[in-house]
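Throughout, a chain's letter reflects where its sequence line sits, starting with A, and its residues are numbered from 1.
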2 protein chains.
Amino acid sequence: MREHVAPHRIPDRLKERPTWLLGQAAARASSLLAAGFAEHGDGLRGYHYRLLVALEQWGPESQADLGRDTGIDRSDVTAALGDLEALGLVERTVDPGHRRRKIVSITESGSATLRRLDVVLDDVQEEFLAPLSAAQREQFVEIMLLLNDQRATGS
Amino acid sequence: MREHVAPHRIPDRLKERPTWLLGQAAARASSLLAAGFAEHGDGLRGYHYRLLVALEQWGPESQADLGRDTGIDRSDVTAALGDLEALGLVERTVDPGHRRRKIVSITESGSATLRRLDVVLDDVQEEFLAPLSAAQREQFVEIMLLLNDQRATGS
DNA sequence: TGCCAACATTGGTGTCACCAACAAAGGGAG
DNA sequence: CTCCCTTTGTTGGTGACACCAATGTTGGCA
């Protein structure tokens, strides 16, 4: 369930550190997410959701492209797609013009599941952001985008 | 090294989600952290740093208290302290008045290591926050504190 | 005295991220 | 047409972090 128990008291040296605060917040978010998925998500996890989202938005795609688009390693894509295929949420067909490649597409059932997961995520999100005002939520998104842009170009 | 490769393109459904953005940012931070520790940290990890910080701030403590203060599970505390003790950064002595309990204290060498790790962390932090203005950094901390306060009282 | 709680430890589980190696398939240079 | 290089999917393993269950020891309390 990933409860992530809060520390009783927090050392000054950590308390002041933005990266520490960020990690704590992310831990809380992922805890809520895991709880929500465990309750209403048929045992699906973050990887599964990400893959379904990408497939619904961009349509059938090869596994390698899927991995690049979602930032998930090829090997993890293979494993997660295996789960999704076993549940009938996704189909794999060999690319006729490229027999080494497999084209993955989302099924009707997959789309329906995705819509259900979206609702779960909306609820979790709302719970997570509850302490923030509308203005603070905007600041939050703005700052996160800046930090993530840095990531895309950095290193 | 935990490079955490950035996705090429990001689904709208994810891109808009604060929790997704948060997760991405946290992944970047932890990636930078891991890289810094790998390079200048004698193979120490987050758990070790947290424990050293708590010990330096609050002095000798039992392992159970240490776990509660840092939010680390008792079993993980035991393992991490084993590493620290092997490196001579920490000492475990039996509590005279409570023979089942072990009092952990940081050594001279431990304090020196901690100071070195602090520098590493400062650098990483600066790199991570580089894209933010001073005002945005304040907003960031404020928002994170709100989210974490919620965590302390929530659920 | 007997029971219960706390402590340290061992040994698991699960999630996410990542890496190495491999065979199958295709593409390009010579 | 070969040889080489790359891409693709797959298998299997690693590491960090968070968490749980069970066990033996110890102390406090009723």
Requested in this report: Respond yes when some side-chain nitrogen or oxygen of B/R50 is under 4.0 Å from OP1 or OP2 of D/dA18, and no when none is.
Outcome: yes

Query raised in the report: What is the distance from CG of A/D76 to C1' of D/dA16, rounded to the nearest Å?
Result: 15 Å

Query raised in the report: Is the shortest side-chain N/O distance from A/Q63 to OP1 or OP2 of D/dT10 below 4.0 Å?
Result: yes

Query - Closest listed nucleotide, where the reference is the side chain of B/T78 and the choices are D/dT8, C/dT10, D/dT10 - result: C/dT10

Nucleotide N/O of nucleotides 22-28 of chain D paired with protein N/O under 3.5 Å:
| from | atom 1 | to | atom 2 | distance (Å) |
| --- | --- | --- | --- | --- |
| D/dG24 | N2 | B/R100 | NE | 2.8 |
| D/dG24 | N2 | B/R100 | NH2 | 2.2 |
| D/dT25 | O2 | B/R100 | NE | 2.6 |
| D/dG27 | OP1 | B/R99 | N | 3.1 |

Requested in this report: Take B/E91 and B/T107, measure what side-chain hydrogen bond (donor to acceptor under 3.5 Å, both in side chains) needs, and give me the verdict at the end.
Outcome: CA-CA 7 Å; B/E91 280 175 358; B/T107 65; over 6 Å; no

**Report entry** A/L81 reachable from A/I103 in the ILVMFWY side-chain graph, under 4.5 Å edges
**Finding:** no

**Report entry** 5' precedence on DNA chain C between B/A64 and A/G43 (nearest-nucleotide basis)
**Finding:** B/A64

Report summary line: Minimal heavy-atom distance between A/A80 and A/Y47, with the atoms involved, is CB-CB, 4.2 Å

Requested in this report: Report the nucleotide, chosen from D/dA18, D/dT10, C/dG11, that has the shortest atom-to-atom distance to any side-chain atom of A/R92.
Outcome: D/dT10

**Report entry** Whole-Å distance separating the OH atom of A/Y49 from the C1' atom of C/dC16
**Finding:** 18 Å

Query raised in the report: Any idea which of C/dA8, D/dT10, C/dC16 is nearest the A/K102 side chain?
Result: D/dT10

Requested in this report: Calculate the interatomic distance between B/L44 atom CG and D/dC17 atom C1'; express it in whole Å.
Outcome: 16 Å

Query raised in the report: Which nucleotide in the set C/dC16, C/dA8, C/dA20 lies at the smallest distance from any side-chain heavy atom of A/R45?
Result: C/dC16

Query raised in the report: Is A/R137 salt-bridged to A/E126, going by a charged N under 4.0 Å from an acidic O?
Result: yes

Query raised in the report: Any ion pair linking B/D118 and A/R17 (charged N to carboxylate O, less than 4.0 Å)?
Result: yes

**Report entry** Length of the CG-P vector between A/L33 and D/dA18, whole Å
**Finding:** 16 Å

Requested in this report: Could you point out which residue of A/R101, A/K102, A/R92 forms a side chain to side chain donor-acceptor pair (under 3.5 Å) with A/Q63?
Outcome: A/R92

Report summary line: In whole angstroms, the gap separating P of D/dG15 from CG of B/D83 amounts to 13 Å

Report task. Name the closest nucleotide to the A/D73 side chain, picking from C/dC19, D/dG9, C/dA8. Result -> C/dC19

Requested in this report: Please report, rounded to the nearest Å, how far the C1' atom of C/dA8 is from the CD atom of B/E85.
Outcome: 12 Å

**Report entry** Check ion pair B/D95-B/R100 (N to O, under 4.0 angstrom)
**Finding:** no

Query raised in the report: Should the pair B/R68-B/D73 be classified as a salt bridge under the 4.0 Å nitrogen-to-oxygen rule?
Result: no

Requested in this report: Grab the CG-C1' distance between B/L81 and C/dC7 for me, whole Å please.
Outcome: 13 Å

Query raised in the report: For the side chain of B/S75 and the base of C/dG12, is some donor closer than 3.5 Å to an acceptor across the two?
Result: no

Query - Between P of D/dT8 and CG of A/D69, the distance in whole Å - result: 12 Å

Report summary line: Against the side chain of A/S62, the closest entry in D/dC20, D/dG12, D/dG9 is D/dG9

